[in-house]
Amino acid sequence: MNTIKRLLCLMLVLVIGLACFAGCNERPDPSDKDESKTESSDESTEESTDDSDETVPSDLISGLEDYYKFADSTLPYRILSRSSTTYEFESASGLEGSAVEAAVFARNEEVMERCGVEITVEPIAGDWSSRETYMAAVRNNGKLSVGEYELLATHSVYLMNLAVEGLAWDFNDLPNLDLTKRWWSEAFYEKSNYNGAQYIAVGDIAYTLYSYMLVVFFNAQMATDLNIDEDLYDLALDGDWTFAKLKEYTAKATTNPDTPFESREFGFLANGHSVRNMMTGFEFELIPLNTEGKREIKILMPAELEAPYQALADFILETPQIYYSTNGENGSGDQNEIFASGRALFYTQMLGQATYFKGTMRDEYGLLPLPKYTDTQKNYHTGYRDTMTAVMVPFNVGQVEMVGTVTEMLSEVSYWEVTNEYYEETLKYQSFNNPKCVATLEMIRKSVDPSFALIYANCLGTCDSLLSNLIENNIKNGSNGSVSSYYMNNSGTWRSLLKDLYEDLDMIAQSRAAS
């Protein structure tokens with residue numbers, strides 16, 4: 001890297017660090033661990049970072065030397081990324097692009113300088129509809145004695161399929177990489193690891209971790225017009241935002257079926273991803289742990305699951321003020337326009353859509369976490385759209401120490417630079433007007449808690465889609481199938497797939513122990 005470019009990158013890092021102090025309120029640390037976690041996790045977090053330091057450390061990255069060269073010549077660090085999210089790993093515009101693009105560019109330049117590597121990104125089709133293209137490329141790469149890629153980055157759900165085929169390193173075995181650090185998701189680890197082994201990871205290395213979180217947007221003006229006298233932010237911050245409140249306020253909307261659809265108002269906009277994640281918000285796990293500490297699927301749906309699942313299905317199907325969309329990208333194809341035009345009170349959608357509303361909405365809008373099931377539930381739980389990017393290291397990489405170190409550095413520097421710019425500035429401070437947004441967003445971020453059924457969805461026959469599939473079947477066929485019957489008709493297949501999953505993971509563990 002030439003001298004001018006190095007100086008420009010250094011100046012950019014300093015600017016990003018200073019920008020972190022701007023906004024509608026004093027900002028907490030961008031990715032602080034949840035204090036409700038285990039004592040050991042808290043201790044490792046406290047030791048890893050000084051909470052008072054809001055700029056990227058200049059002399060300490062993950063406990064490594066400032067410059068950690070791995071060879072006399074530059075080594076390649078090649079990322080195979082689905083083409084729709086390559087922006088998380090490279091910036092074609094460099095320092096001349098948007099603030100987030102510039103932060104990505106600066107991160108890569110810094111890591112390349114520290115480690116003496118050349119980061120390149122190869123885009124390839126890899127969205128859900130083209131997943132077989134990406135999966136075939138990874139499987140072909142796995143047949144080589146030394147692979148052509150150091151990092152794989154794509155859709156979290158089908159990436160797990162590839163990991164379960166034995167194509168991945170256990171992140172815990174990669175040198176100089178530490179999953180207890182705050183730039184890796186502890187909640188994802190807790191649900192995804194198998195006997196401590198974790199084959200794919202989620203963290204600040206890819207900022208869809210933030211943009212794909214599911215939240216409930218609300219139209220503040222419409223809430224006033226409907227005589228909702230509670231401050232919705234206070235309702236959430238006080239822990240009182242529940243399913244009952246959602247139903248009560250949704251019913252206040254005047255939805256006239258005789259009004260043309262393009263001008264009709266709604267109380268709640270729902271879609272497949274939001275419905276799946278509302279069960280996460282309700283604190284129910286479709287595949288709970290049994291007394292032996294393993295996940296188990298019963299043949300018949302347990303009563304404690306049937307009641308809340310059926311209650312949510314009935315709410316969606318029987319409430320005239322709800323519009324459930326099967327169109328567009330996660331419903332945003334038509335529901336974004338409805339909400340932006342001021343015709344919906346509540347809208348469950350990805351957090352990143354706030355940037356769209358900021359540029360199009362006249363009404364003031366805000367956001368809430370996914371509601372609790374009842375007011376006896378202690379915490380909120382935030383889910384995410386499963387297309388969020390996860391990363392995996394191929395098991396046949398050549399320079400293992402370099403790969404572990406560079407992957408760790410990319411995630412940590414992202415935490416300090418890219419996350420600050422995207423989450424803290426672009427979302428938190430530029431996309432919302434009410435100062436209470438800061439506390440609410442922090443509460444939402446700290447409550448991210450994916451379900452086991454979501455993480456292993458594709459390995460388990462997409463069982464996490466039980467509710468959305470039932471709702472869409474009932475809408476399409478005009479039927480009234482129950483959640484218990486849908487569950488019973490599919491539980492045999494799910495049980496068999498879960499058994500296969502455990503056998504595959506055991507086989508990987510045994511082969512690694514023997515090698």
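- Checked for salt-bridge contact, Arg139 and Glu165 meet the test: a charged N lies under 4.0 Å from a carboxylate O.
- At a threshold of 4.5 Å between non-hydrogen side-chain atoms, the residues Arg131 and His155 do not count as touching.
- Within the structure, ring-ring contact (aromatic ring centres under 6.0 Å, His included) pairs that include any residue of residues 185-207 comprise Tyr87-Tyr207, Tyr194-Tyr502, Tyr207-Tyr422 (at least two apart or interchain).
- No side-chain donor-acceptor contact under 3.5 Å links Tyr347 and Asn219.
- In terms of modelled atom types and a separation under 3.5 Å, the side chain of Glu186 and the main chain of Thr180 share no donor-acceptor contact.
- At a threshold of 4.0 Å, the pair Arg182-Asp204 does not count as salt-bridged, since none of the basic side-chain nitrogens sits closer than that to a carboxylate oxygen.
- When only modelled atom types and interatomic distance are considered, Tyr456 and Asp464 share no side-chain donor-acceptor pair under 3.5 Å.
- With sequence neighbours left out, the side chain to side chain donor-acceptor pair (under 3.5 Å) criterion links Asn108 to no other residue.
- No side-chain donor-acceptor contact under 3.5 Å links Tyr356 to the backbone of Ala340.
- Comment: Asp231 engages Lys436 in a salt bridge, judged by a side-chain N to carboxylate O separation of less than 4.0 angstrom.
- Look at Arg445 and Glu442 and you find a salt bridge, because one of the NZ, NE, NH1 or NH2 atoms lies within 4.0 Å of a carboxylate O, short of that distance.
- Looking at Thr389 and Arg82, their side chains do bring a donor and an acceptor atom within 3.5 Å of each other.
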